[in-house]
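Below is one structure; the comments refer to it alone.
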Amino acid sequence: MELSLSPLGLGCAQLGNLYHAISDETAAATVRRAWDEGIRYFDTAPHYGLGLSEIRLGAALRSYPREEYVLSTKVGRVLEPNPDGAGELDDQGFAVPAAYKRRWDFSRDGVLRSFEDSLTRLRLDRVDVVYVHDPDDHFDEALRGAFPALRELREQGVIGAFGAGMNQTRLPAEFVRRTDLDILLVAGRYTLLDQPALDELFPLCAERGVTVVVGGAFNGGILATAEPGRVYDYAEAPPELVERARRIAEICARHGVELPEAALALPMAHPAVASVVVGAHDPEQVGVNARRARAVVPPELWTELVDAGLLRADVVIAEGVS
């Protein structure tokens, strides 16, 4: 399937009340703002808010023509009723009642069940992309169960494409070699602070014709503000990394560019990357990220970062690309 992804996508973990609760109205307004900003790619997962993200995203997108957007969800965590969770909150970062519990399952049956449940929550009869979600500790099961099951769904036409969504580069490269997946969602591994995707994964995807989506461009928060934050990949950033981000921010400022603008421009300029997915808690945050994504970053900025030893010399930058 030829995937047509908008350069900027909306990551919908926040629609599942990531870190703090938002209202249904705010969730719907966030999707509307994304649409108004030209975003046509939306990524969700059962994991996000124990299904709440899928429910909210499906409801919000019903106002728009189905053929005009691309929607992806994920498999690998089956949601099961959790009667013992009454009165408790989810313990994995989402401000939702613990009415369900997640069970890792990358078997064929688990994938088919998870996908059917997602269709029910989304109120759709097909999904454009399905990712195998975080199979880091389940490589063999994913290879034997999840990927063949998704291939069947692709052949049946109920999904358009399948792939993997992960926060590393080694196993995704193995999946590219051993399966006929169409797409990868690579989170946090091609950023201003970390570029291991250049070593093997991006060249391999280019060779095999695999579409790449980049997530985690802000590395969990440290690159999300003009003054570097203190969170890196969901944990407290070590002081040396904060200092490195601060030096990058200083060079950005000399070129009239904010740190998060450069953080988005880097992956968006790479020819292997079809879309960069960024989350948002409200419509205003969508607008800010859309403005950042449109910012023009001068080539001299990248040259200075490379010369200062703050960026790999083999990053691919297209002149004039924002």
Side-chain angles (χ1 to χ4, degrees), residues 5-14 30 33-43 70 72 165 167 184-198 202 211-229 231-233 237 241 244-306 310-312 315-322:
L5 305 180
S6 55
L8 185 66
L10 182 67
C12 295
Q14 286 86 342
T30 299
R33 179 63 181 271
W35 191 275
D36 292 344
E37 293 286 356
I39 292 172
R40 296 294 183 269
Y41 174 43
F42 302 86
D43 176 66
V70 173
S72 60
N167 297 284
L184 285 177
L185 172 53
V186 182
R189 305 286 73 87
Y190 187 60
T191 72
L192 286 175
L193 292 173
D194 198 14
Q195 301 107 47
L198 291 173
F202 282 4
T211 299
V212 176
V213 174
V214 165
F218 298 141
N219 274 131
I222 189 171
L223 302 173
T225 49
E227 184 69 24
V231 176
Y232 173 80
D233 287 1
L241 203 62
R244 188 162 160 237
R246 186 193 62 77
R247 292 178 61 200
I248 293 172
E250 286 181 351
I251 292 175
C252 287
R254 286 205 292 272
H255 291 272
V257 175
E258 290 189 350
L259 182 63
E261 293 174 345
L264 290 179
L266 180 72
M268 293 182 86
H270 197 288
V273 177
S275 185
V276 176
V277 170
V278 183
H281 276 112
D282 55 45
E284 291 72 25
Q285 197 169 27
V286 175
V288 168
N289 287 330
R291 173 187 59 77
R292 290 167 168 172
R294 291 191 293 265
V296 176
V297 176
E300 296 77 19
L301 167 60
W302 310 116
T303 302
E304 187 169 348
L305 288 174
V306 170
L310 295 170
L311 193 63
R312 285 174 50 154
V315 295
V316 180
I317 300 299
E319 289 194 21
V321 174
S322 62

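Computed over heavy atoms, backbone and side chain alike; hydrogens, waters and symmetry mates excluded.
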Do the side chain of Arg40 and the main chain of Leu8 share a donor and acceptor less than 3.5 angstrom apart?
-> no
Beyond-backbone contact of Trp35 with Leu10, side-chain heavy atoms, under 4.5 angstrom = no
Selection residues 265-296 - residue pairs positive for ring pair (Phe, Tyr, Trp, His ring centres under 6.0 Å), sequence neighbours left out | His20-His281, Tyr190-His270, Phe202-His270
State the CG-OG1 distance between Leu185 and Thr211, to the nearest 0.5 angstrom.
-> 12.0 Å
Considering all heavy atoms, the nearest Ala265-Val297 contact | CB-CG2, 3.6 Å
Return yes if some donor-acceptor pair links the side-chain N/O of Gln195 with the main-chain N/O of Thr191 below 3.5 Å, else return no.
-> yes
So, are Arg294 and Glu37 salt-bridged, with charged N and O less than 4.0 Å apart?
-> yes
With sequence neighbours left out, what residues match Ser275 under side-chain hydrogen bond (donor to acceptor under 3.5 Å, both in side chains)?
-> none
Atom CG in Asp43, atom SG in Cys12: separation rounded to 0.5 Å?
-> 7.0 Å
By side-chain contact (heavy atoms from CB on, under 4.5 Å) - contacts of Val231 (at least two apart) | none
Got a second to check how far Glu250's CD is from Glu227's CD, nearest 0.5 Å?
-> 8.5 Å
side-chain contact (heavy atoms from CB on, under 4.5 Å) between Val277 and Val214, worked out = CA-CA 6 Å; Val277 170; Val214 165; over 6 Å; no
Contact summary for Thr30 and Val286, nearest pair of heavy atoms = CG2-CG2, 3.5 Å
Is there a donor-acceptor contact under 3.5 Å from the side chain of Arg189 to the main chain of Asn167?
-> yes
Are the side chains of Phe42 and Ser72 in touch, meaning some heavy atoms are under 4.5 Å apart?
-> no
Of all the heavy-atom pairs spanning Ala226 and Pro260, show the shortest one and how long it is.
-> N-CD, 3.8 Å
Pairs meeting criterion side chain to side chain donor-acceptor pair (under 3.5 Å) with involvement of residues 258-268, two or more places apart = Glu261-Arg291
Pairing of Arg33 and Glu284 as salt bridge, 4.0 angstrom limit = no
Report yes if some heavy atom in the side chain of Arg244 is under 4.5 Å from a heavy atom in the side chain of Leu310; otherwise report no.
-> yes
Across all chains, not counting sequence neighbours, the side-chain contact (heavy atoms from CB on, under 4.5 Å) partners of Ala237 are Ile222, Tyr232, Val242
Would Arg292 and Phe218 count as a side-chain contact (heavy atoms from CB on, under 4.5 Å) if you check the C-alpha gap in whole Å, the side-chain angles of each, and the deciding distance to 0.1 Å?
-> CA-CA 12 Å; Arg292 290 167 168 172; Phe218 298 141; 3.9 Å; yes
Just wondering, are more than 12 heavy atoms of other shown residues or ligands nearer than 6.0 Å to CZ in Arg247?
-> no
Chi angles and distances behind the side-chain contact (heavy atoms from CB on, under 4.5 Å) call for Val186, Val213 = CA-CA 6 Å; Val186 182; Val213 174; over 6 Å; no
Could you pull out all residues at least two apart from Asp282 that satisfy side-chain hydrogen bond (donor to acceptor under 3.5 Å, both in side chains)?
-> none
Is there a side-chain contact (heavy atoms from CB on, under 4.5 Å) between Leu259 and Ile248 once you walk through the steps?
-> CA-CA 7 Å; Leu259 182 63; Ile248 293 172; 3.7 Å; yes
Kindly say whether Gly188 contributes a backbone atom to a donor-acceptor pair with the side chain of Asn219 at under 3.5 angstrom?
-> yes
Does Pro298 reach the side chain of Val257, with side-chain heavy atoms less than 4.5 Å apart?
-> yes
